2 protein chains.
Amino acid sequence: MSVRTVSNVAAGSDLVAAATRERVQRVIDELGYRPNAAARHLRGGRSGLIGLVLPELSSPYFAELADHVVRAAADRGRMVLVQQTDGEAEQERRLLTGVRGQSVDGVLMSPWGLSPADLRAEPGSSPVVLLGEQDAEGLLDHVTVDGEAAAREATQHLLAAGRTSIVAVGDQPHLGNGTAERRAAGYRAAMTAAGLEPRTVAVRRLHRSDGADAVRALLERPQRPDAVFCFSDQLALGALRAAMTAGLRVPDDLAVVGFDDVEDGRYATPALTTVAPDKAAIAEAALELLTSRIESPERPPQRVLAPYLLRVRESSAAATPPDSQPTSRPGTRKPRKVTSRRGTNPSRA
Amino acid sequence: MSVRTVSNVAAGSDLVAAATRERVQRVIDELGYRPNAAARHLRGGRSGLIGLVLPELSSPYFAELADHVVRAAADRGRMVLVQQTDGEAEQERRLLTGVRGQSVDGVLMSPWGLSPADLRAEPGSSPVVLLGEQDAEGLLDHVTVDGEAAAREATQHLLAAGRTSIVAVGDQPHLGNGTAERRAAGYRAAMTAAGLEPRTVAVRRLHRSDGADAVRALLERPQRPDAVFCFSDQLALGALRAAMTAGLRVPDDLAVVGFDDVEDGRYATPALTTVAPDKAAIAEAALELLTSRIESPERPPQRVLAPYLLRVRESSAAATPPDSQPTSRPGTRKPRKVTSRRGTNPSRA
DNA sequence: ACGTGGCATTGCCACGTTGCAAACTGCAGT
DNA sequence: ACTGCAGTTTGCAACGTGGCAATGCCACGT
């Protein structure tokens, strides 16, 4: 009964006679023996952990995304180490270098402060997959929705509902990640195509208070908009609040559309129309990319486009009365799942 | 230049001459050398990781709590491994045994399905600190707010505002964790003291839809309440939604009070009155307990009571018009921070 | 000049696992 | 009976770190 044989049984190797296996297994169960993760990690170089680096967990969108990521990781026998950056470039840099190659086999990162090029330049060798709408083509693996198309679609929806003075809220010129740029571009495209003047408002962060402040400021100006398209649900919920407080009726006086489809929006009054990225698909794709890269580090970087959906709810309805129950009826269905050069899916034991 | 000396420099030992240290450090920086976490873990038996086991990350309360936990852990040089149980006893058991003694130095757990006694009975030896309102006295370390007092206070607030038919929503007789029982007890105490008949409604989960369903059902009954006290903000937000949909005015026709103080509630319309546990304090205390137990595993289990605050906002105002801006003015201030036998705080390098 | 003590450096080993290759087993073929 | 083979089992080594103890070095006191 050598150590080696026990190891073979524990690791599920097939180089063990059935009788031996059973005998060893019985003892294992009896003693409650569990193979030591640290030793395995040291020996094999794999920890079974992945890092999830997010701006902040308390933001509902990231919380929901993290939920999906943890589940997707668990499905693959991996556990998730969560880190927060507050969206600060310095933290992102520090965490990426710090966690990398350390206790983690790979990192899923949603950068705000750093651009893909910055990230690419960081030292360290462990796999990284980006989440979000940066342009990382050819630099790093990357999962995203087509923010530009989504924004265009959301704007077109408002136009189709008869709105003419639509303001986009949520530009973030101080950040390097390109998310806001994409959405702003889509918005502008739709506006210009309709012969209308685009008008964007910048915010520092994407919190409710920023959305509330922005809308409050908008309402004080002479030229009141009849719709706002916010680049996050948090902004939109703040906008809702500001509009209601100012005595406006939503959607009659002001239509509001968000982006993210967080649960709050479904239960807001009125329920929030929003662009709904398929978070489960994002998490799945991200884990697939990450595990595939862990297996084959030299494969060229890939981009995966995750599907999204425009969920039309009360906050942008043209003139219909709010329905009695907030559901998640699909609005304009458009599951554009485009997978460019999706890697093979190596089998797992 | 032996391996040993480099190890001493990297580990910050003081058994190194200043000149040597500097020379080694330079090379370390140059090569980007980072001490290997797996080897340290194997050798020292400490991974620097702690597990955070929660029902679900997508629930705003847990997301906010997780945010604080990750920060508090980072302050102590630790990282956090997040696991989800969906509140299921089996998952809680599996995760507790599975993660324990593996890659993690200790576990912070918010149990729903298992009672403290169940948890105590689980095999495995790594430290566990409970988060939540179970009765774990003498069994396990434990951080909680006084849910009974908080519920009493919330109910008294409604009574003081002139409400007489107050229903408590959120009893969960099928769960073993005692949270709902505590809050229900506080509620009943206040009602009985006021000479009123307590009336509680059970829900299966604590989501918005459950709160909405419960209130919808309540409104169909002959005896309409003039206030609901929900055992979570999610329930309360669902209740708000159901009330508005039914054409009721909140707070005029129905006052709503929640529990948790999640960010959504502050920006709901009307803004939600709620019991606000000090989540940062909870996270701090939990990490303090956990690190102290990691240092001295034999110390007797402690309980730490974290402070809470009743934040009175619009959803329960007596007759005043809603204020123009949702703020977090403290309501009844009552920072009852009671620390029973709080352990010493061992210094950290 | 020599002994002594204190600080700095080094070597050895073990932590628990697994890749590799050697050793061993029983059995069939010659 | 001996060889060869396939199927099992075992021994050795190494992953990188840090506790321990031995060694090396230098300055000071006598």
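Residue numbers start from 1 in every chain, and the chains themselves are labelled A, B, ... in the order their sequence lines are given, proteins ahead of strands. Only a predicted model underlies this, so the values are computations on that prediction, with no experimental measurement involved.
- In terms of the side chain to side chain donor-acceptor pair (under 3.5 Å) criterion, residue partners of A:D118 (sequence neighbours excluded) are, by chain and number, A:S115.
- Going from atom CD1 of B:I28 over to atom CD of B:Q25 covers 4.5 Å, rounded to the nearest 0.5 Å.
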Could you list the donor-acceptor pairs under 3.5 angstrom formed between side-chain atoms of residues 43-55 of chain B and any protein atom two or more places apart in sequence or on another chain?
residue	atom	partner	partner atom	Å
B:S47	OG	B:L49	N	3.1
B:S47	OG	B:S103	O	2.6
B:S47	OG	B:D105	OD1	3.2

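- Both B:A39 and B:V3 lie near DNA chain C, and the one whose nearest nucleotide falls closer to the 5' end is B:V3.
- In this model, the phosphate group of D:dT9 is not approached by any side-chain N or O of A:T5 to a distance below 4.0 Å at OP1 or OP2.
- Not counting sequence neighbours, the partners of A:E56 by the side chain to side chain donor-acceptor pair (under 3.5 Å) test are A:S59, A:H207.
- In this structure, CZ of A:R4 is placed 16 Å from C1' of C:dC24, rounded to the nearest angstrom.
- For the pair B:S7 and D:dG18, the criterion of a side-chain N or O lying under 4.0 Å from OP1 or OP2 is met.
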Could you list the donor-acceptor pairs under 3.5 angstrom formed by side chains in residues 1-11 of chain B, with sequence neighbours left out?
residue	atom	partner	partner atom	Å
B:S2	OG	B:R4	N	3.3
B:S2	OG	B:T5	N	3.2
B:S2	OG	B:T5	OG1	3.2
B:R4	NH2	B:N8	OD1	3.4

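- For the atom pair CG of B:L139 and CD of B:Q134, the computed distance is 11.0 Å after rounding to the nearest 0.5 Å.
- If you take NE2 on A:H41 and CG on B:N36, they are separated by 6.5 Å, rounding to the nearest 0.5 Å.
- Residues of residues 40-50 of chain A that place a heavy atom closer than 4.0 Å to DNA chain C, in numerical order, are A:R40, A:R43.
- Evaluation of the side chain to side chain donor-acceptor pair (under 3.5 Å) rule for A:E22 yields no partner, not counting sequence neighbours.
- Remark: C1' of D:dA14 and CG of B:N36 are 13 Å apart, rounded to the nearest angstrom.
- The CG-C1' distance, from A:D14 to C:dG19, rounds to 15 Å in whole Å.
- Closest approach to the B:A17 side chain among C:dA8, D:dG11, C:dT18 is made by C:dA8 (side chain taken as heavy atoms from C-beta onward).
- Protein atom CG of A:N8 is 13 Å distant from nucleotide atom P of D:dG11, rounded to whole Å.
- With sequence neighbours excluded, the residues that form a ring-ring contact (aromatic ring centres under 6.0 Å, His included) with B:F62 are B:W112.
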If you write DNA chain D from 5' to 3' in dot-bracket form, with Watson-Crick or G-U pairs under 3.5 Å, [ ] for crossing pairs and | for pairs with another strand, what do you get? ||||||||||||||||||||||||||||||

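- Remark: B:Q91 pairs with B:T85, B:E88, B:R94 by the side-chain contact (heavy atoms from CB on, under 4.5 Å) rule, at least two apart or across chains.
- Across the protein-nucleic acid pair, A:L15 atom CG and C:dG19 atom P stand 10 Å apart, rounded to whole Å.
- Applying a 4.0 Å cut-off to non-hydrogen atoms, the residues of residues 19-32 of chain A that approach DNA chain D are A:T20, listed by residue number.
- Contacts classified as salt bridge (Lys or Arg N to Asp or Glu O under 4.0 Å) and involving residues 57-68 of chain B (residues at least two apart or in different chains) are given here: B:E64-B:K279, B:D67-B:R71.
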Report each atom pair, protein N/O against N/O of nucleotides 26-28 of chain D, whose distance is under 3.5 angstrom.
none

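- Note: B:M109 CE to B:D141 CG = 15.0 Å, rounded to the nearest 0.5 Å.
- Taken from CZ in B:R303 to CD in B:E137, the straight-line distance is 5.0 Å, to the nearest 0.5 Å.
- B:R21 contributes atom CZ, which lies 13.5 Å from atom CZ of B:R26 (distance to the nearest 0.5 angstrom).
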